[in-house]
Amino acid sequence: MVLNTSAVNTEADWVARSLRSVWHPCTQMQHHETLPLVPVSRGKGVWLYDHEGRRYLDGISSWWVNLFGHANPRINAALTDQLGLLEHAMLAGFTHDPVVKLSERLSDLTGNVLGHCFYASDGASAVEIALKMSFHFWRNSGQPQKREFVCLRGGYHGETIGALSVTDIPLFKDAYGPLIRQAHVAPSPDARGAQPGESPADVARHAIAGLEALLDQHAGKIAAVIVEPLVQCAIGMAMHDPVYLAELRRVCDANQVHMIADEIAVGCGRTGTFFACEQANVWPDFLCLSKGISGGYLPLSLVMTREHIFQAFYDKDVTRGFLHSHSYTGNPLACRAALATLDIFDEDDVLTGNRQRAARLTQALQPVAQHPSVRHFRNRGMIWAFDVVCDTPVQHASFSRRFFTAGLRHELLLRPIGNTVYLMPPYVLDDDEIEHLASRTRVVLEEVMAAA
Ligand SMILES: *Cc1c(COP(=O)(O)O)cnc(C)c1O
C-alpha cells in the first residue's frame with residue numbers, strides 16, 4: 001500500500017492524528033482542546049523545529065534528558081558505528097564491549113566505591129531495582145524485618161507502583177493510593193523553608209533532626225532512605241544545602257540504614273559536579289542514574305552499588321542472587337550513546353564550561369529575578385528556578401499552561417511546574433542562545449502577568 005504522505009504532512013494533520021492515536025504522558029488529554037500540541041519534525045543543538053520551520057529553544061532539555069543538544073554529531077557517529085556492530089544482545093549469560101566499558105568508566109568516576117552497575121531502561125525501573133536490592137540485601141543478611149523505606153516530603157522517584165510508594169507528590173499518587181505501600185515521609189531540607197535569620201544549612205539540619213527522630217523509632221524495620229540529592233526537581237526545583245547529604249550519610253550509618261541517591265535528574269553534571277553527591281563528599285549505598293546518561297538519546301538507567309552489597313548476593317544458592325531483569329537490560333546502542341556522552345565530558349571539559357555558561361545566564365536573568373512577582377530566584381549548576389506570585393487562585397491554577405503557551409509564541413519551550421518556572425537547558429548554549437533564553441523568559445513572564 002502506498003500512501004501519498006506529502007498530502008497529509010501538514011502541521012494540523014499531525015496534531016489531529018496524534019490526538020486520535022497517541023495517549024500522551026502526564027497529560028489530561030482533554031486539555032488539548034485548548035492547549036497546543038507541538039509536532040516536532042527535527043532537532044539541532046538547543047533547537048526543536050516544527051514542520052513549518054518554527055523553532056523552539058529547548059529550555060528544559062526535553063524533560064531533563066538532553067545534555068549536548070539534539071542531533072549531536074559525536075553521539076550520532078558513535079551510534080552509527082555501533083549499529084554496524086551490534087544492536088542488542090541479552091545481558092544474562094552474555095556481555096559486550098559497550099556495557100563493560102560504561103560500567104568501568106562510571107565506577108572510575110566514583111573512585112571505584114560504587115563498582116557494580118546493574119542496568120535497566122527507565123528511571124523508575126532503576127528506583128525499583130534500588131529498593132528491591134536494599135530489601136534483599138537485608139534479607140540475605142538475616143534481617144528480613146528491614147522492609148520499609150523513608151522518602152522526603154515532596155520527593156519524586158518515578159511512577160511505577162514501587163516508585164510511587166516513595167514519591168510524595170499527591171497529583172501523581174493519590175489516584176493509586178489503594179495500590180501503594182506508603183513509605184515513611186521525612187521533612188524536606190528545601191531551603192525556601194528558612195525562617196528569618198536561618199541559613200539553608202540550618203534548614204538542612206532541622207530536616208535531619210526530623211529524620212533522626214523517625215529513625216530512632218523505626219530504624220529496625222527500615223531498609224533505606226531515598227533522596228534526590230541537592231535538587232528535588234519534580235516538586236518544583238526545591239534546592240537544599242549539601243550539608244544535608246553529609247548529615248544523611250552519617251545518620252544512615254549510625255542507624256544501619258541504606259542511603260539511596262536518586263541522581264536520575266541531578267546526575268551527569270546537572271548540579272555542577274558529575275554526581276550531585278560529590279558536593280557533600282559522600283557516596284551513597286545505591287546511586288540511580290538515567291535521563292542524561294545517554295545524552296538524551298535512548299532509554300538507559302542503572303544502579304551503582306558497593307562491593308559489600310554485591311557480596312551479600314554472591315553465593316551458590318540461586319535465590320540469594322538478584323534475579324531482576326528487563327528485556328533491554330544494558331542495550332549496546334544505549335550504552336554506546338552513554339560512552340559518547342562521557343567522551344564529550346572529558347574532551348570538552350564540560351563542567352568548567354558550564355560554570356561560565358551558568359554565570360552568564362544567571363547574569364542575563366537578573367531582570368527576571370528582580371521582577372515584582374518573582375520569589376525565591378535560585379540556581380544550582382545548570383538549573384534555574386523561580387516562583388511566581390499570582391493575584392488570584394484562578395490565575396494561579398492556569399499559570400503553567402498560560403506560560404507554556406506564551407513561551408511557544410516566543411520560540412521558547414518552558415513548562416512550569418505549578419507556579420514555579422524553571423530552566424534546565426542543554427550544556428551547549430552559546431552566548432546568543434543564553435541571551436534568547438533569558439530575554440524571552442522575561443518577555444513571556446511580563447506578557448503572562450499583564451494578561452492576568
Ligand atoms: C524522571 C525521574 C525519575 C523517573 O525516571 P523515568 O525515566 O521517567 O521513569 C525518577 N527519579 C527522578 C529524580 C526523576 O527526575
Side-chain angles (χ1 to χ4, degrees), residues 23-27 60-67 118-134 149-169 171-173 176 180 183 185 188-190 224-240 244-245 248 259-271 275-277 284 286-304 324 326-331 334 337-338 341 380-383 385 415 417-418 420 422-424:
W23 198 334
H24 290 270
C26 200
T27 298
I60 57 168
S61 298
S62 285
W63 253 357
W64 323 346
V65 301
N66 191 288
L67 299 191
F118 194 100
Y119 287 85
S121 308
D122 292 297
S125 305
V127 168
E128 300 283 342
I129 288 163
L131 299 176
K132 283 176 69 179
M133 256 186 196
S134 173
F149 296 96
V150 178
C151 64
L152 300 195
R153 180 68 66 208
Y156 176 88
H157 301 285
E159 317 223 12
T160 52
I161 304 282
L164 276 181
S165 77
V166 288
T167 286
D168 181 53
I169 299 187
L171 181 64
F172 299 141
K173 179 170 187 171
Y176 311 101
I180 290 167
V185 182
S188 165
D190 181 352
V225 180
I226 184 167
V227 295
E228 297 162 86
L230 298 185
V231 188
Q232 294 182 287
C233 296
I235 193 69
M237 304 298 155
M239 301 185 182
H240 58 254
Y244 182 81
L245 302 172
L248 175 63
M259 171 178 170
I260 302 174
D262 177 351
E263 297 219 8
I264 288 167
V266 297
C268 301
R270 191 46 82 176
T271 64
F275 297 109
C277 283
F286 301 94
L287 190 150
C288 305
L289 275 189
S290 187
K291 293 205 165 108
I293 186 61
S294 71
Y297 267 65
L298 288 160
L300 179 69
S301 67
L302 58 110
V303 177
M304 304 175 70
H324 187 103
H326 296 284
S327 307
Y328 283 100
T329 294
N331 174 261
T341 300
R380 164 112 28 214
M382 289 293 284
I383 306 175
R415 210 169 175 274
I417 299 170
T420 298
Y422 72 92
L423 280 55
M424 222 202 240

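Since we're looking at a predicted model, the values are computed, not measured. Read the numbers this way: they start at 1 and go in the same order the structure lists the ligands and their atoms. The chain is numbered in sequence order, starting from 1.
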For ligand 1, which atoms have a heavy atom of [X] less than 4.0 angstrom away?
{"X": "Trp64", "result": "15 (O)"}
{"X": "Gly158", "result": "4 (C), 10 (C)"}
{"X": "Glu228", "result": "13 (C)"}
{"X": "Ala265", "result": "15 (O)"}

- Heavy-atom count around Tyr328 OH within 6.0 Å, excluding the residue itself: above 12? no
Any [X] side-chain heavy atom under 4.5 Å of [Y] side chain:
{"X": "Arg270", "Y": "Trp64", "answer": "no"}
{"X": "Val185", "Y": "Cys151", "answer": "yes"}
{"X": "Tyr176", "Y": "Glu159", "answer": "no"}
{"X": "Ile264", "Y": "Val127", "answer": "yes"}
{"X": "Tyr156", "Y": "Ile235", "answer": "no"}

- Message: When you measure from atom 15 (O) of ligand 1 to the protein, is at least one non-hydrogen atom found at a distance under 4.0 Å?
- Response: yes
- Query: Distance from Glu128 atom CD to Asp122 atom CG, nearest 0.5 Å?
  - Reply: 11.0 Å
- Which part of Ile264 is near ligand 1, with near meaning a heavy atom under 4.0 Å away: side chain, backbone, both or neither? side chain
- Query: Short question: side chain of His240, backbone of Leu230 - any donor-acceptor pair under 3.5 Å?
  - Reply: yes
- Task: Assess Trp63 for proximity to ligand 1: is some non-hydrogen atom of it under 4.0 Å away?
- Result: no
- Message: Yes or no: does Lys291 have any heavy atom under 4.0 Å from an atom of ligand 1?
- Response: yes
Top protein contact for [atom], by heavy-atom distance:
{"atom": "atom 9 (O) of ligand 1", "answer": "Ala124 N, 2.8 Å"}
{"atom": "atom 11 (N) of ligand 1", "answer": "Asp262 OD2, 2.6 Å"}
{"atom": "atom 7 (O) of ligand 1", "answer": "Gly123 N, 2.7 Å"}

